[in-house]
Amino acid sequence: MIRTLQDHAVHLGIDVHMEVTVIALLTDGNRVCGAVAYDREHGRFRLFHARAVILATGGVGRAFSVTSNSWEYTADGQMLAYNAGAALQDMEFVQFHPSGLIPSGILITEGARADGGVLLNRDGERFMGRYAPEKLELASRDVVSRAIVTEMEEGRGFKDEASGYDYVELDLTKIGAEKVKARLAGIREIAMKFTGIDPVERPLPVRPVCHYMMGGLDVDMDGATGVKGLWAAGEAACVSINGANRLGANSTAECLVWGRITGAEAARHAVGKGPAAIPKEQVMAEEKRIFDGIFHGRGGTNPYDVRDSVQRAMEKGAFVYRTREGLLEATKAIQSLRESDYLHCDDHSKRYNTNLTNVLEVEAMLMAAEAILRCAVARTESRGAHARRDFPKRDDANWLKHSLAFYSAEETEGGHVRLGYSPVKITRYQPAERHY
Ligand SMILES: Cc1cc2nc3c(=O)[nH]c(=O)nc-3n(C[C@H](O)[C@H](O)[C@H](O)COP(=O)(O)OP(=O)(O)OC[C@H]3O[C@@H](n4cnc5c(N)ncnc54)[C@H](O)[C@@H]3O)c2cc1C
């Protein structure tokens, strides 16, 4: 889809800047008026003047140790807006997909279970019957993920000695070799390449992996954030069609529908307006932050160790099941990582400096992790993908509302996050609790 979009844009005569990472938004005091970017190909900073900016920069999956998401899912786009004053909405609702391949996290699609794949614990038991007697492996992602985690926690999982991850098995052998080769050829190829296992012969090691963020930048039905001149669409945004738990396939629909709506709205605001102002002081401050502060910065903490620690803290404290204690422990870990001197870059190459972009991504991941944890601690109920062991019931009387997280320069016990809430708009369908 990205390549098709790019081809089409080029065909229409739109400039497409492929090797460019946006590192800050510019504001004229009233509205967003441009962006500063790092041009990897030419090894220089670029300034973009803009009367409207749309962020479509994806989610935050890389903040967890094992994820189905690409390396780009580091929240850096969302944090540009968050830093500029936009709110994040419902960040506690993180979707874990039940069947990520171990140890890579690469997704084994639900199609494998829909075509007859079954989940087995170390006793060889098809355990989903105890959790969702009718839907079994085809229960929703949160239900299957919780079942797998329960099996692993109660000692009925397997252990991958190399990675240290627990897992259960996804058995496709009963489907039959011909059907697997015809209908699940991609899955088979991935499994063979990444685990050396041919799924027509042996079960695959799987476990829940971070897959999708229901939360994101708080936008209205037209994709507008609370910051003038700034829109967001796709996984980076939270237009809230997914509530606390996305159903498979809805993200593509969301990207297509709100990509179009948001694009049209932003264009409507941009067309016919005069040139955007360029706040020179901000550009200079940004250059100083990146060039003097990070590119030529010094520090004893390795940013890649920080990235690993963020992922481990989130995996431990904000995984499929959560408790206040675990979430607070993760918050403490994230806060101490934020305070460490990791914001420096050892590689001083100008072109294709992934060290520089990685450091910026770690900073974004830390901020996003803090927002996820802060919202998750506050929501003292279980809803959708947010499962609190200490508050196992859904509580519509107190929690039928959206969480909002705003960046706060002032640090509180939850970090640099100020919480807020907004009502859930209920129209035709009354919300009801899901039962199995
Ligand atoms: C393995 C997998 C399978 C999935 N399967 C399905 C499915 O079957 N059906 C479904 O509906 N959904 C599915 N999803 C979810 C869906 O694919 C994503 O939610 C969706 O692709 C998000 O699209 P997007 O345009 O918002 O972001 P993306 O497609 O991720 O695009 C974001 C882009 O922003 C760029 N970017 C990020 N930061 C910056 C920056 N600072 N400067 C410049 N560029 C930046 C990135 O490089 C990237 O190109 C799946 C997700 C995964 C990971």
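Keep in mind it's a predicted model, so treat the numbers as computed, not measured. Remember, it's 1-based here, ligands and their atoms both numbered in the order they're listed.
For atom 48 (C) of ligand 1, the nearest non-hydrogen atom from the set M18, H211, E72 belongs to E72. Between atom 19 (O) of ligand 1 and the options S251, A37, G259, S68, the minimum heavy-atom separation is to S251.
Judged purely by atom type and a 3.5 angstrom limit, H416 uses its side chain to pair as donor or acceptor with the backbone of S408. A donor-acceptor pair under 3.5 Å is formed between the side chain of N353 and the backbone N or O of D347.
Under the 30°/60° scheme for interplanar angles, the aromatic rings of Y82 and Y407 are found to stand perpendicular. Taking the six-membered ring for Trp and thresholds of 30 and 60 degrees, F127 and Y131 have ring planes more than 60 degrees apart, a perpendicular arrangement.
Looking only at heavy atoms of the protein, atom 44 (N) of ligand 1 is closest to V20 O, 4.2 Å. Scanning the protein heavy atoms around atom 10 (C) of ligand 1, the nearest turns out to be T252 OG1, 2.9 Å. Considering only non-hydrogen protein atoms, atom 23 (O) of ligand 1 sits nearest to C255 SG, 3.4 Å. Annotation: atom 36 (N) of ligand 1 to nearest protein heavy atom, T57 CG2, 3.9 Å. Nearest protein heavy-atom neighbour of atom 41 (N) of ligand 1: D76 OD2, 2.8 Å. When hydrogens are left out, the protein atom nearest atom 42 (N) of ligand 1 is V22 N, 2.9 Å; that is the closest non-hydrogen contact. Protein heavy atom at the shortest distance from atom 28 (P) of ligand 1 is Y73 OH, 3.5 Å. Looking from atom 49 (O) of ligand 1 to the surrounding protein, the closest heavy atom is I2 CD1, 3.8 Å.
Every atom of ligand 1 is numbered from 1 in the order shown, and the set under 4.0 Å from a heavy atom of A56 is 31 (O), 32 (C), 33 (C), 34 (O). Set against the non-hydrogen atoms of Y212, the atoms of ligand 1 under 4.0 Å away are 19 (O).
The shortest separation from a heavy atom of T67 to ligand 1 is not under 4.0 Å, leaving the residue out of contact. Not a single heavy atom of G248 sits closer than 4.0 Å to an atom of ligand 1. Ligand 1 does not have E19 within reach: every non-hydrogen atom of the residue lies 4.0 Å or more from it.
Counting only N and O atoms by type, the side chains of R434 and S140 include a donor and acceptor under 3.5 Å apart. Between the side chains of H211 and S68, at least one donor N or O lies within less than 3.5 Å of an accepting N or O. Remark: the N358 side chain and the Y304 side chain contain an N/O donor-acceptor pair separated by less than 3.5 Å.
The shortest non-hydrogen separation linking M214 to V94 is CE-C, 3.7 Å.
Under the ring pair (Phe, Tyr, Trp, His ring centres under 6.0 Å) criterion, F48 pairs with H17, sequence neighbours left out.
Checked options R351, K350, R46; the residue passing with D39 is R46 (criterion: salt bridge (Lys or Arg N to Asp or Glu O under 4.0 Å)).
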